[in-house]
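Read through the structure below, which is laid out as structure tokens, and then see the notes.
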2 protein chains.
Amino acid sequence: MTMNRKLVLPIDRGSPLPIYYQLKEALKQQIESGALKPHERVPSERELEEAYHISRMTARRALEELEAEGYIYRAQGKGSFVAEPKIRQGLLWLTSFTEDMRERGMRAGARVLRAEVVSDERVARKLGIGSGEEFVMLQRLRLADGEPMALETSYLRRRFCPGLEGHDFTDRSLYSTLQEEYGLRLGRAEQAVEAKVADGFEAELLGVKPGAPMLSMERITYLDDGQTPIEYVRSIYRGDRYKLYVELKRR
Amino acid sequence: MTMNRKLVLPIDRGSPLPIYYQLKEALKQQIESGALKPHERVPSERELEEAYHISRMTARRALEELEAEGYIYRAQGKGSFVAEPKIRQGLLWLTSFTEDMRERGMRAGARVLRAEVVSDERVARKLGIGSGEEFVMLQRLRLADGEPMALETSYLRRRFCPGLEGHDFTDRSLYSTLQEEYGLRLGRAEQAVEAKVADGFEAELLGVKPGAPMLSMERITYLDDGQTPIEYVRSIYRGDRYKLYVELKRR
DNA sequence: ACGTCCAAGTGGTGTATACCACTTGTCGGT
DNA sequence: ACCGACAAGTGGTATACACCACTTGGACGT
């Protein structure tokens with residue numbers, strides 16, 4: 001194809017956003033919208049260089065990042081091509097239950113079981129903080145499309161979010177409340193995933209039989225400074241409704 | 001610190017390996033050996049430039065890749081620093097069982113249960129290829145420190161590795177055999193993780209009770225062109241011995 | 001003694017250039 | 001008709017340079 005419909009992508013040299021980033025996002029949008037189809041050729045480094053009057057290294061950087069994010073694949077001597085739509089990554093990203101369900105095409109909901117101030121030595125130890133500290137403990141039955149999906153128990157350090165226990169989290173995202181009401185921005189988390197079987201309490205709440213397979217997750221969340229622990233969560237998901245999807249790369 | 005013990009890393013300009021790669025691997029080795037400790041400063045881009053008479057962009061590329069692999073973290077205006085091991089170990093990579101167990105500090109082993117040529121329509125459909133294609137099916141009981149850990153069933157496209165079924169994979173890594181004997185380099189994989197309970201067959205082999213919790217994984221592996229499927233694997237891990245540790249980042 | 005400012009050092013972005021390895025199609029000779 | 005050589009185009013590596021944003025610590029003034 002030499003017809004080369006030019007794809008007039010909006011690159012703004014005055015923007016505070018880097019050029020390679022603007023170019024990357026523009027191409028990404030072209031791919032996600034379907035304007036560029038899987039296995040279709042994407043402009044080469046030198047074509048981009050000429051089209052936007054940028055240096056090849058800048059064009060290259062945009063393409064490199066698109067490759068790293070799985071949007072395109074590249075082959076020496078051949079060119080760069082649109083990759084097949086990948087499975088959305090459930091692992092790797094720190095998201096709330098609400099965001100997770102939306103990505104899976106389901107509607108998130110909750111039934112608040114407990115919301116109170118507690119002290120808990122075990123939790124304090126997990127977070128590596130003094131055992132005297134108080135937590136806001138929030139236990140919710142999480143629903144997806146109205147059906148039970150998971151039992152989620154969060155412990156938040158009260159000194160960072162006093163009064164949190166007074167909010168109603170039936171229809172409200174915990175993470176957006178932390179951000180908007182308390183100015184707390186989350187940065188990263190350490191999560192452990194393991195298989196369990198449902199005990200009587202969990203089975204009753206989640207509508208499965210005792211002994212049914214469950215995915216159990218334990219998470220420690222840190223603020224965006226990367227080192228201040230803010231939350232400990234233990235979640236148990238129905239094994240028949242919940243899978244994790246991961247894209248793995250070779251090191 | 002200006003004392004600057006020089007860390008004479010071996011960089012060979014005549015080598016077919018790229019300079020940035022040699023530098024990256026050398027620094028990686030320094031970190032893994034403990035010569036560079038967590039949160040310790042690693043040489044800056046300009047220091048590396050001068051020390052090895054390479055350009056800054058080359059030094060930069062080595063550091064960028066180390067950051068992407070979780071070995072270091074970088075901060076504008078401050079420098080580059082060694083990351084804590086748990087960060088690195090929490091990043092998921094496409095690895096073999098052998099490599100995974102080594103990271104966990106255990107010794108990997110295997111008992112080969114089946115190694116034969118088969119056709120399987122369901123597997124072909126998973127890989128998105130023609131249903132007539134033959135596979136080399138390899139089923140192994142995987143051991144960690146001599147104890148059963150997982151049951152692993154791999155299907156490899158026979159046209160890419162004819163005769164693979166003749167090898168003995170008791171002590172041999174499947175992935176290194178693919179690389180060394182057939183020149184097949186793996187690039188990426190899509191993996192699904194879910195909770196299951198052990199059936200009678202699995203329980204017997206793995207030494208757990210029927211109904212015990214298990215982590216089940218399904219993986220499709222692609223060659224390093226990013227689009228040619230080469231392998232379908234189904235693994236089932238003992239829930240009492242195997243957990244996933246993941247480092248989550250905020251998007 | 002205290003604060004302000006600034007220079008030096010760091011990583012981040014961008015340009016311009018060169019050569020290499022690999023793929024593909026074409027032109028030309030046999 | 002075949003095949004080899006070659007040119008053109010692609011991504012991969014490397015150099016050298018310039019300027020920016022940000023952090024830190026020390027010099028300087030008050």
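To find a chain, count down the sequence lines: A is the first, B the second, and so on, and within it residues start at 1.
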Problem set entry | Stepwise salt bridge (Lys or Arg N to Asp or Glu O under 4.0 Å) check, E99(A) with R102(A) | CA-CA 5 Å; E99(A) 292 166 324; R102(A) 185 168 49 236; 5.0 Å; no
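If you check the side chains of R74(A) and S80(A), you find a donor sitting under 3.5 Å from an acceptor. Checked by atom type, the side-chain pair E194(A)/Y242(B) shows no donor-acceptor distance below 3.5 Å. In this structure, a donor-acceptor pair under 3.5 Å is absent between the side chains of S119(B) and E134(B). Between the side chains of Y71(A) and E32(A), at least one donor-acceptor pair of N or O atoms lies under 3.5 Å. Using modelled atom types, one finds a donor on one side chain and an acceptor on the other under 3.5 Å when comparing Y175(A) with E231(A).
For the pair E45(B) CD and dT15(D) C1', the interatomic distance rounds to 15 Å; values are reported in whole Å. Atom pair L66(A):CG and dG11(D):C1' shows a separation of 15 Å (rounding to whole Å applied). Between E64(A) atom CD and dA14(D) atom P the separation is 13 Å, expressed in whole Å. Between the CD atom of E49(A) and the P atom of dG11(D) there is a distance of 11 Å, rounded to whole Å. Between the NZ atom of K78(A) and the C1' atom of dA8(D) there is a distance of 17 Å, given to the nearest Å.
Shown here for A115(B) and L138(B), the closest heavy-atom pair between the two residues is CB-CD1, 4.0 Å. Here the shortest heavy-atom pairing between P43(B) and E47(B) reads CA-OE1, 3.2 Å.
Looking at R234(B) and E218(B), no side-chain N of the basic residue comes within less than 4.0 Å of a carboxylate O on the acidic one, giving no salt bridge.
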Compile the donor-acceptor pairs under 3.5 Å between side chains in residues 13-20 of chain A and protein atoms, sequence neighbours left out, one pair per line.
unit_1, atom_1, unit_2, atom_2, d
R13(A), NH1, H53(A), O, 3.3
S15(A), OG, L17(A), N, 2.8
Y20(A), OH, R61(A), NH2, 3.2

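Classification of the Y155(A)-Y232(A) ring pair by plane angle, with boundaries at 30° and 60°, yields tilted.
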Short N/O separations, protein against nucleotides 16-20 of chain D, under 3.5 angstrom:
unit_1, atom_1, unit_2, atom_2, d
dA18(D), N6, R56(B), NH1, 3.4

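With F135(A) as the aromatic partner, R158(A) does not meet the cation-pi criteria of under 6.0 angstrom to the ring centre and within 45 degrees of the ring axis.
For dT13(D), one of the phosphate oxygens OP1 or OP2 lies less than 4.0 angstrom from a side-chain nitrogen or oxygen of R61(B).
Shown for residues 15-24 of chain B: no residue has heavy atoms falling under 4.0 angstrom of DNA chain C.
Note that the first and last nucleotides of DNA chain C, 5' to 3', having any atom under 4.0 angstrom from a heavy atom of chain A are dT13(C) to dT24(C).
Residue pairs satisfying the side chain to side chain donor-acceptor pair (under 3.5 Å) criterion with at least one member in residues 160-169 of chain B, sequence neighbours excluded, are listed as follows: D168(B)-T170(B).
The rotation axes computed at either terminus of the helix from dA1(C)-dT30(D) to dT30(C)-dA1(D) lie 10° apart, taking five pairs at each end and rounding to 10 degrees.
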